[in-house]
Amino acid sequence: MSGALIDGEAIGLRIRERTAAAVATLAQAHGAVPALAVVLVGDDPASQIYVRAKVKNTQEAGMRSHAHRLAADAPEAAVIALVAQLSADPEIDGILVQLPLPEHIDEARVLAALDPAKDVDGLTALSAGRLLLGKAGLRPCTPTGCVILAQSVTRDLTGAHCVVIGRSILVGKPAALLFLEQNCTVTIAHSRTRDLAALCRSADILVPAVGRPEMVRGDWVKPGATVIDVGINRVPAPELGPGAGKTRVVGDVAFAEAREVAGAITPVPRGVGPMTRACLMRNTLLAACARRGWETPGGLEG
Ligand code: GUN
């Protein structure tokens with residue numbers, strides 16, 4: 001029997017619809033709507049697709065969207081100046097700097113210019129520190145989405161062994177802390193971990209976030225486990241017919257094999273990806289409420 005499919009598109013849509021309803025109510029009450037600024041530096045094709053989707057979702061939720069696109073060779077000072085300007089702009093509630101930035105730009109210096117009150121990606125030192133300390137704050141979107149997807153399978157994650165593969169600041173580290181917050185026993189695995197396959201086989205919840213196509217094989221998965229695949233990898237797809245450049249998107253998990261063993265599993269695409277955008281919409285609303293002194297609407301949970 002194959003594992004259940006976790007529908008990130010449907011779960012994400014529900015969060016976006018609830019966010020949109022709350023935005024409409026707040027617009028009636030206050031005559032204003034939240035605004036999200038997205039900063040994209042360079043022309044990485046995947047980042048361009050992500051940013052377009054974020055802009056579209058923001059508008060669909062009834063919020064204002066401001067996309068700032070800078071050339072790949074934009075000086076670091078120009079990016080920092082833009083982020084500082086958006087931070088100071090009272091009309092902007094949320095700022096997202098799409099990562100990765102071009103190599104000549106220091107990510108940490110750019111994030112240091114971002115007002116933590118507008119940090120809808122949860123990436124500033126203050127947001128990360130609040131997460132570590134267990135204090136309320138804006139949480140990173142992709143890891144939050146992973147927890148919501150795992151909870152869609154098992155509401156109470158208490159005591160589950162969660163293995164996160166990857167230690168990035170965008171996903172691995174915050175995901176580990178968010179699963180810990182849900183009373184999971186958490187292991188962070190990475191490229192130097194010994195016998196990764198055996199470790200993964202001990203996971204009730206497996207969260208690969210490494211960017212290596214189909215690295216996690218079926219026999220790495222504990223029977224009945226929940227698999228949340230964060231990977232989005234473009235690979236050659238000769239099976240799509242002749243001609244160069246045909247590609248398809250796969251996760252970090254060999255999906256068909258893993259599904260045979262798992263209790264539940266996210267597909268790629270339509271798994272974690274839509275949850276990142278849904279949580280971004282919700283964070284933008286939450287940031288706007290906190291900044292503007294509006295009462296935070298209830299019922300935003302998935
Ligand atoms: N690049 C890939 N995913 C993300 C994300 O969630 N946030 C940002 N800022 N950049 C990304």
Side-chain angles (χ1 to χ4, degrees), residues 8 12 15-16 36-58 65-70 72 79-80 82-83 86-87 92-103 105-116 118-128 131 137-149 164 166-178 207-213 228-234 249 251-252 266 268-284 286-287:
I15 293 171
R16 288 193 284 120
L36 173 65
V38 180
V39 177
L40 173 62
V41 187
D43 36 39
D44 176 62
S47 291
Q48 285 181 336
I49 292 170
Y50 298 151
V51 164
R52 266 202 299 277
K54 286 168 184 173
V55 167
K56 181 166 171 278
N57 283 174
T58 306
S65 171
H66 301 266
H68 297 265
R69 294 181 169 84
L70 279 69
V79 180
I80 291 174
L82 173 60
V83 171
L86 293 168
S87 290
I92 297 294
D93 297 286
I95 304 168
L96 178 137
V97 180
Q98 186 68 26
L99 302 177
L101 290 167
E103 282 205 348
I105 298 177
D106 183 339
E107 201 175 286
R109 286 226 281 269
V110 172
L111 291 174
L114 204 159
D115 177 356
K118 302 184 179 186
D119 180 20
V120 287
D121 230 3
L123 294 179
T124 59
L126 191 80
S127 300
L131 171 59
L138 291 163
R139 304 302 198 216
C141 301
T142 302
T144 301
C146 292
V147 172
I148 294 170
L149 292 177
V164 178
R167 49 179 158 176
S168 70
I169 59 157
L170 200 54
V171 185
K173 284 184 194 173
L177 290 166
L178 287 169
V207 187
V210 279
R212 291 185 59 181
I228 309 291
D229 187 353
V230 183
I232 301 177
N233 309 290
R234 205 158 267 287
V249 171
D252 290 348
T266 58
V268 177
R270 302 178 67 86
V272 172
M275 295 300 292
T276 300
R277 287 181 275 113
C279 293
L280 176 65
M281 298 304 113
R282 192 171 68 174
N283 272 355
T284 303
L286 294 173

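First listed ligand is number 1; within each ligand, the first listed atom is number 1.
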Taking only heavy atoms of Leu170, which atoms of ligand 1 are found under 4.0 Å from at least one of them?
-> 1 (N), 2 (C), 3 (N), 4 (C), 5 (C), 7 (N), 11 (C)
Check the surroundings of atom CZ in Arg212: do more than 12 heavy atoms from other residues, nucleotides or ligands lie under 6.0 Å from it?
-> no
Please state which protein non-hydrogen atom is closest to atom 1 (N) of ligand 1 and give its distance, to 0.1 Å?
-> Leu99 O, 2.8 Å
Under 4.0 Å between heavy atoms, the region of Thr276 that gets near ligand 1 turns out to be side chain
Which option out of Leu280, Ile95, Leu111, Thr142 puts a heavy atom nearest to atom 6 (O) of ligand 1?
-> Thr142
If you measure every N/O of Val97 against every N/O of ligand 1, is any gap under 3.5 Å?
-> yes
Looking only at N/O atoms, are Leu96 and ligand 1 under 3.5 Å apart anywhere?
-> no
Ranked by distance from atom 11 (C) of ligand 1, the top protein heavy atom is Gln98 NE2, 3.4 Å
Can you tell if the side chain of Ile148 reaches within under 4.5 Å of the side chain of Met275, non-hydrogen atoms only?
-> yes
If you measure from atom 9 (N) of ligand 1 to every heavy atom of Asp121, Val230, Ile232, which option wins on shortest distance?
-> Asp121
Hey, which of Val39, Val51, Asp44, Val41 is the one that makes side chain to side chain contact (heavy atoms under 4.5 Å, CB included) with Gln98?
-> Val51
Salt bridge (Lys or Arg N to Asp or Glu O under 4.0 Å) involving Asp121 - partner list, sequence neighbours excluded = none
Measure from the side-chain N and O atoms of Ser65 to the backbone N and O of Thr58, and report whether any donor-acceptor pair falls under 3.5 Å.
-> no
Is a donor on one side and an acceptor on the other found under 3.5 Å between the side chain of Asp252 and the backbone of Gly211?
-> yes
